[in-house]
Structure formats: C-alpha cells, structure tokens
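Below is one structure, written out as structure tokens; comments come after it.
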Amino acid sequence: MADVEKTNQDEVTGVPNWAPAPSGEGGDPIEPAAQPVKPAFTAEQARAAEDLGYSEEEYLKFSELYGRTLKDIDEGQIVTGRVLAIANQEVVVDIGFKSEGTIPLEEFGMPPVVKVGDRVDVFLDSMEDSDGQLILSKKKADFMRTWDRVIDIHDQGLTIQGRCVRRIKGGIVVDLMGVDAFLPGSQIDVKPVRDFDALIGQTFEFKIVKVNKLRKNIVVSRRAILEESMAEKRKVILEELQKGQVREGTVKNITDFGVFVDLGGVDGLLHINDLSWGRINHPSEVVKFDEHIKVVVLDFNEAKDRISLGMKQLQAHPWENIETKFPVGTVVKGKVVSIADYGAFVELQKGVEGLIHVSEMSWTRNVVHPSKILNVGDQIDVKILSIEKDRKRISLGIKQLLPDPWDQIEVKYPVGTRIKGRVRNLTNFGAFVEMEDGIDGLIHISDLSWTKKVKHPSEVLKKGQDVEVMVLEINKAERRLSLGYKQLTEDPWAAFEETYKVDTITPVKVTKFMEKGLVVELPLGLEGFVPLSQMPENSMARVQQNIKEGDEIQLIVIEFDRENKRVVLSRKKLLDVEKQKNSAAESVDVSAYLDTNAAPVTLGEISLASADKPEKKKAGKKKADAGDAPAEEAAAEAAPEGEPAA
C-alpha cells in the first residue's frame with residue numbers, strides 16, 4: 001500500500017499527482033512555486049572544502065553565510081571604510097569587502113591626520129592587485145568630492161578661496177580645497193604683476209572662469225573679482241573727470257613711449273614728452289613701477305576710454321625769464337645730451353637746451369663731425385651767443401672761450417712774408433699748406449710755376465712735403481690766405497720777352513703730343529706750343545711719323561703773350577722763311593752773272609752755277625707747296641680749350 005501511495009505522489013513536490021491542481025481566481029490552475037536551484041560545486045571549491053575538512057553541504061552553507069556579510073560594491077565608487085592599522089607608511093582600511101585595502105600615508109596630509117578607528121571616504125580603484133588586495137585612494141576620493149563642489153560653484157557663479165602654491169610657465173598653480181587650478185598671469189591683478197614669486201603661499205578669493213570636465217582642468221581669475229569691485233569706482237571717476245584736473249595715480253606699466261597710470265579704476269597714458277621739460281631717453285628715468293604720482297588731465301575722448309595725462313605741466317615752464325637766467329655773452333656750464341652732423345645739443349637746465357653749431361667749435365680746425373671734439377655726457381663750458389625765445393632756440397659757442405688767432409693774422413703773416421709750412425692736402429685747383437695748427441693757406445695751381453702749364457699740383461708738390469711759400473693776400477673776413485710758390489723766384493717773363501721775340505728762331509725739345517698740336521720746351525725752361533696747323537704735315541699721325549718725343553727741332557716764334565704767359569711757335573713759317581732766304585740767295589748769284597760791264601754769260605756758265613745748290617732748290621720747292629697760316633690762327637690753336645685766343 002505504501003508503494004502504491006508513493007507512486008501516486010509527485011517525486012519533487014510531494015503533492016499527490018491525483019490531487020486536483022489548485023486554481024486561482026476565475027478557476028485557472030495555479031502554477032507550482034519555482035524551487036531554488038542548487039548551486040554547482042566546482043572543482044576548486046571541492047579542493048578548498050577538502051583542505052578545510054568540510055563536506056560539500058557544509059562548505060556551501062558557510063560560503064553563503066560569509067557572502068551575506070560582504071557589501072555589494074563596484075570599482076570607481078567612493079565608499080566609507082574604517083582604519084584598521086597604520087604601519088610602514090601605509091594605512092590599512094576595511095571597506096566591508098572580503099579583503100582589506102591599503103592607502104599611502106602621505107595621502108592623509110603632511111603631517112598626516114589619521115588614527116586607528118577613523119572612518120574615511122576612499123575611492124575604489126580596483127577590486128584586487130597582484131597580492132589580492134583592494135586598491136584604494138583617499139586623494140582621489142577627496143578630488144571627486146571637491147570636483148563636484150567646484151562644478152557647483154562654477155555653475156552658480158560664486159567665488160572660492162584658494163592658495164597660490166607654485167609658479168609655472170604663464171601663471172600660478174592654485175590649490176582649491178585640494179584640487180589644482182591654473183591662474184594665468186594676466187588674471188592675477190588689474191595691473192601687470194612683475195614678481196609672481198611674491199604671491200606664493202598667499203590666499204585670495206578667486207572666480208572660476210573655465211572648467212574642462214573631460215580633462216579635469218580648472219582656470220580661475222582674481223582680476224575678474226577686482227574689476228567687479230572697481231566698476232563702481234570707475235563710474236564715479238569718469239563722472240568727475242575734467243580737463244585740467246589734478247589727480248593722484250599709481251604707475252601701472254612703463255613702456256618706451258610712456259607710462260600707464262591707474263587713477264583708481266581708470267587708466268590714463270602719460271606720454272614720454274609730458275613727463276619732463278628736460279630730455280629723457282626712457283620713462284623709467286623719471287618714474288618707477290607702483291610709484292604714486294600726481295598728474296594733470298590733458299585730454300580725453302567722448303567715451304573717456306582714452307585719457308591723456310601730463311606731469312611736467314605741474315611745474316613752471318623753464319623758458320620763462322630765459323633772458324635773465326642766461327644773458328647773451330655769459331659763460332655757463334652744460335651737459336652734452338645729443339650730437340648731430342651739424343652740431344651738439346647742450347642741456348643748460350632741465351627743459352632748456354642750446355646748440356653748438358659745428359662752425360662754433362673751433363677757430364682754426366675744419367671740424368668734420370662734432371664727435372671729433374665732444375662726446376655725449378661731457379660737462380663743458382659754453383658761451384651764450386644768441387637767444388630766440390619764441391622759437392625756443394639758444395645758440396652756443398665754445399671757440400669763443402679762446403682768443404681768435406685770425407685777429408692777429410695780418411701782424412703775424414704780413415703780405416710778402418716768406419714762411420715755411422707743410423703741404424696738408426692737394427686738390428685739382430691747388431695745394432693747402434698748414435702754417436701752424438689750424439691756420440691753412442692755399443697755393444693756387446696758377447701760382448706753382450712761372451714757366452710750366454701745371455695740370456695738377458702733384459706735378460710740383462707732394463702731400464706732407466715741407467715747403468717755403470710767400471703770403472700773397474689775406475682775406476680776414478672769409479679767413480683765407482693766398483700763398484705763392486713761384487713767387488719765391490723772380491718772374492722770368494721779362495727776360496723771355498727779350499729772348500723770344502716774334503720771328504726768333506730757336507731750337508726746342510718735343511715733350512708732348514696733343515690733339516691740337518705739340519708741347520715743346522725752349523732752352524731757358526720755357527714751355528711753348530706748336531699748333532697742328534703750324535706743322536707742314538696735315539695730320540698728327542704724319543707728324544708723329546717724322547718726329548718723336550724727345551727730338552730736338554728748329555722752330556720760329558710767331559706769338560709771345562707775356563700777360564697770359566703763352567708762347568706759340570711754328571715749323572711751317574720757319575720753312576717759308578728758309579725758302580725766302582734761298583730765293584734771295586739765288587737772285588744774288590744770278591745777278592752776278594748779269595753784270596753789264598762783264599762779258600756776256602753763256603748758257604753753260606748759268607747751268608754750272610745752278611748745279612752748285614741742288615738741295616736749296618728742292619727745299620725751296622717744298623716750301624712753295626706749303627701755305628702760310630697767319631699768326632692769329634696759330635694763336636687760336638695754341639690756346640687751351642675753353643680760353644679765347646689773345
């Protein structure tokens with residue numbers, strides 16, 4: 001019977017299989033409740049149970065009880081744990097997991113503030129490391145909680161306190177409750193900050209201006225808070241601002257062209273020209289950073305965002321009563337502040353400068369540039385020469401401090417005096433001779449030689465040569481001395497006039513060929529000229545075929561001009577003269593045979609007489625072929641280019 005009953009029951013539920021299925025509302029049958037599935041017993045668990053001496057059922061039961069004590073936590077969460085121990089620079093924390101985690105002691109501050117039993121919030125980095133321990137971080141937990149708070153402050157537009165911890169490129173790192181933020185240098189203050197290091201360690205109120213949630217970057221600004229607090233002050237200042245108003249300000253920035261001054265929320269520009277009446281090279285010579293100064297409002301635009309300021313206008317103009325301060329003719333001290341090609345500027349006092357023109361630097365020297373005498377920064381004595389108050393100009397001089405050597409020049413070097421000097425310079429028109437330091441005279445090229453046509457002074461003199469000269473003329477007003485070199489000897493042209501009269505035949509030496517003729521040297525050293533038209537040849541090429549430089553030939557003088565120091569000679573006329581002489585000689589010879597008292601001359605005797613001078617006949621024939629040019633034409637060719645014939 002028992003076997004029958006057993007077969008009539010469900011093997012799993014124990015419910016008789018013949019019993020009607022229970023029904024729910026509406027008479028629908030009720031599904032039997034699902035039975036829990038027995039967990040699988042793994043091979044690893046079997047080994048662990050065997051090591052512990054537990055049966056399969058005991059091991060699974062104890063595992064279930066232990067699992068109920070563990071919390072359901074995931075990686076990346078912030079959880080609360082309890083400090084179990086502190087050792088070896090590590091803090092052991094229990095967060096209710098199957099194993100404890102460790103945190104570096106340094107994450108609890110310096111010095112660390114933690115003790116056993118403290119409850120702390122930590123960040124679960126990983127469930128276990130290679131040793132099976134949890135990887136925890138208090139620093140990350142603090143950062144996550146602070147980050148959320150920073151985001152809330154930024155979203156609400158509030159401010160937050162921070163401490164400047166270290167300087168980096170472009171700004172400062174600020175600690176915001178444990179979170180690092182970046183403070184750009186331009187956002188530290190409303191005025192440029194020159195010493196970032198002075199801010200390290202200080203605590204300020206900041207405004208969060210930018211947050212990068214992905215990269216966890218924060219940018220803060222202190223300037224934004226300062227500008228908001230100064231907005232009201234700026235409004236009041238702009239309402240009160242007037243031209244000519246004197247205000248106090250602080251030097252905010254210094255540039256090459258001027259100074260920016262903070263008037264209390266409003267910036268104005270103090271241009272370098274309005275800093276001082278005197279000459280300055282840079283604004284830093286007058287003002288310093290953060291210096292409190294008084295300025296006057298010179299001008300501003302309608303928007304009042306460009307304000308021009310002045311500081312020198314608060315002082316009296318230095319040119320007032322300038323004639324009384326620096327009377328003409330007085331000697332005063334000054335400082336050389338600038339040098340130009342035309343002179344040197346000397347500061348007599350702040351805002352008052354005078355010019356020493358280059359011509360007022362030396363009585364005697366030809367000053368090429370003022371820097372040869374003066375240097376910037378020199379303290380010198382100067383003489384007031386003239387004042388133009390309207391144009392704000394003062395003419396100064398330094399040569400006037402010494403006696404003028406030209407005052408006694410006529411006494412020291414009378415006209416006609418022979419003096420010795422040194423050739424200082426050679427030019428196309430003459431030679432400059434230095435007689436003493438700063439006193440030069442000029443030997444004109446025409447006063448170098450009585451007899452030669454000098455083309456350049458270097459033909460007679462050399463630079464640096466010691467020479468004796470004669471004073472010919474003194475022009476004291478223009479400071480000029482005319483000297484002569486040829487005047488040391490007597491004028492030979494009086495003797496030349498007697499020696500080389502017109503039609504005088506003289507031997508000469510050919511010294512030069514020119515396009516218009518020949519230059520020759522006469523026996524007494526006199527130079528003469530033979531025009532090409534006064535040569536029997538028709539071209540210079542033919543002349544040079546027959547005559548060479550250095551050859552001696554016979555010529556006849558056709559012009560002697562003592563006033564212009566010119567002698568013109570001719571070879572063509574000489575041949576004509578010789579022809580005429582030969583013709584006259586033949587006439588004499590023939591007339592001897594035509595004597596009326598003598599016996600009649602036969603043709604044989606005449607032929608014999610003609611044969612005695614065959615060369616004279618040939619020469620006479622050549623002379624007859626050549627024309628006779630007038631002396632005026634020869635003189636025209638002998639004259640240098642650009643000069644009229646005498």
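Using a distance-only test at 3.5 Å, with no hydrogens or angles considered, no donor-acceptor pair links the side chain of N88 to the main chain of E90. Of the possible donor and acceptor atoms, none in the side chain of E353 sits under 3.5 Å from a partner among the backbone N and O of V336. No donor-acceptor pair closer than 3.5 Å links the side chain of E107 to the backbone N or O of I103. K140 contributes no side-chain N or O that, together with a main-chain N or O of L124, makes up a donor-acceptor pair within less than 3.5 Å. At distances below 3.5 Å, at least one donor-acceptor pair connects side-chain atoms of T146 with backbone N or O atoms of D142. Of the possible polar contacts, one joining the K288 side chain to the S284 backbone as a donor-acceptor pair under 3.5 Å is found. With hydrogens and angles ignored, the 3.5 Å screen pairs a side-chain donor or acceptor of N212 with a backbone N or O of L214. Within the 3.5 Å criterion, the main-chain N or O of A198 finds a donor-acceptor partner in the side chain of Q202. Between the side chain of D274 and the main chain of H271, no donor-acceptor pair closer than 3.5 Å is present. In terms of modelled atom types and a separation under 3.5 Å, the side chain of K312 and the main chain of N273 share a donor-acceptor contact.
Counted by atom type alone, E106 and Q89 present zero donor-acceptor pairs between their side chains at under 3.5 Å.
Between the OG atom of S386 and the CD1 atom of I394 there is a distance of 9.0 Å, given to the nearest 0.5 Å. Remark: R145 CZ to F123 CZ distance equals 11.5 Å, nearest 0.5 Å. Atom CD in Q242 sits 7.5 Å away from atom CZ in F300 (nearest 0.5 Å). Put simply, CE on M311 and CH2 on W277 are 12.0 Å apart, with the number rounded to the nearest 0.5 Å. If you take CD1 on I254 and CZ on F289, they are separated by 4.5 Å, rounding to the nearest 0.5 Å. With values rounded to the nearest 0.5 angstrom, R247 atom CZ is found 12.5 Å from K294 atom NZ.
Side-chain contact between P283 and F260: absent, with no pair of heavy atoms (C-beta onward) separated by less than 4.5 Å. I218 is listed as a side-chain neighbour of L176, based on a closest heavy-atom distance under 4.5 Å. I172 places a side-chain heavy atom less than 4.5 Å from the side chain of L199. D341 has its side chain within reach of H369: a pair of non-hydrogen atoms, C-beta onward, lies under 4.5 Å apart. A heavy-atom distance below 4.5 Å is not found between the side chains of V122 and S137. No side-chain heavy atom of T102 sits under 4.5 Å from any side-chain heavy atom of V91. For the pair V382 and I356, the minimum side-chain heavy-atom distance is below 4.5 Å. L270 is listed as a side-chain neighbour of L275, based on a closest heavy-atom distance under 4.5 Å.
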Trace of the side chain to side chain contact (heavy atoms under 4.5 Å, CB included) decision for N253 with V259
CA-CA 6 Å; N253 193 17; V259 178; over 6 Å; no
Hey, mind stepping through R82 and D118 against salt bridge (charged side-chain N to carboxylate O under 4.0 Å, His left out) and telling me if it holds?
CA-CA 6 Å; R82 185 169 59 89; D118 286 352; over 6 Å; no
Applying side chain to side chain donor-acceptor pair (under 3.5 Å), run through E205 and T159 and close with a yes or a no.
CA-CA 6 Å; E205 199 75 19; T159 61; 2.8 Å; yes
Walk me through it: do K138 and D121 pass the test salt bridge (charged side-chain N to carboxylate O under 4.0 Å, His left out)?
CA-CA 7 Å; K138 181 179 182 300; D121 290 336; over 6 Å; no
For a side chain to side chain contact (heavy atoms under 4.5 Å, CB included) check, start with the C-alpha distance between F108 and V113, then their side-chain angles and the critical distance, and finish with the verdict.
CA-CA 6 Å; F108 290 85; V113 182; 5.9 Å; no
Would V211 and I151 count as a side chain to side chain contact (heavy atoms under 4.5 Å, CB included) here? Give the steps.
CA-CA 8 Å; V211 174; I151 297 299; 3.4 Å; yes
Using the rule given for side chain to side chain contact (heavy atoms under 4.5 Å, CB included), can you reason through Q349 versus K325, listing the C-alpha separation, both sets of side-chain angles and the distance that settles it, and then say yes or no?
CA-CA 10 Å; Q349 70 172 48; K325 297 177 184 177; 3.7 Å; yes
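Judged by a 6.0 Å distance limit and a 45° cone about the ring axis, K389 is not positioned over the six-membered ring of W319. A cation-pi contact, defined as under 6.0 Å to the ring centre and within 45° of the axis, links R222 to F204.
Using a 30° and 60° split on the angle between ring planes, F345 and Y342 fall in the perpendicular class, above 60°.
No more than 12 heavy atoms of other residues, nucleotides or ligands sit less than 6.0 Å from atom NZ of K210. Counted within 6.0 Å of NZ on K372, heavy atoms from surrounding residues, nucleotides or ligands total 12 or fewer; the atom is thus considered open. Counting non-hydrogen atoms of other residues, nucleotides and ligands closer than 6.0 Å to CG of D155 gives a total above 12. More than 12 heavy atoms of other residues, nucleotides or ligands lie within 6.0 Å of CD in Q379, so this atom counts as buried by the packing criterion.
Taking 4.0 Å as the cut-off between side-chain N and carboxylate O, E228 and K207 count as a salt-bridged pair. By the 4.0 Å N-to-carboxylate-O rule, E227 lies close enough to R223 to be salt-bridged with it. Comment: D267 engages K252 in a salt bridge, judged by a side-chain N to carboxylate O separation of less than 4.0 angstrom.
The nearest pair of heavy atoms linking L385 to V328 is O-CG1, 3.2 Å. Between D180 and D175, the shortest heavy-atom contact is OD1-CA, 4.5 Å. Looking at every heavy atom in both residues, I200 comes nearest to V165 through CG2-O, 3.4 Å. For the residue pair A340 and P370, the shortest heavy atom distance occurs at O-CG, 3.2 Å. Counting all heavy atoms, side chain and backbone alike, V346 lies closest to L396 at CB-CD1, 3.9 Å. Here the shortest heavy-atom pairing between I387 and E323 reads CD1-CA, 4.4 Å.
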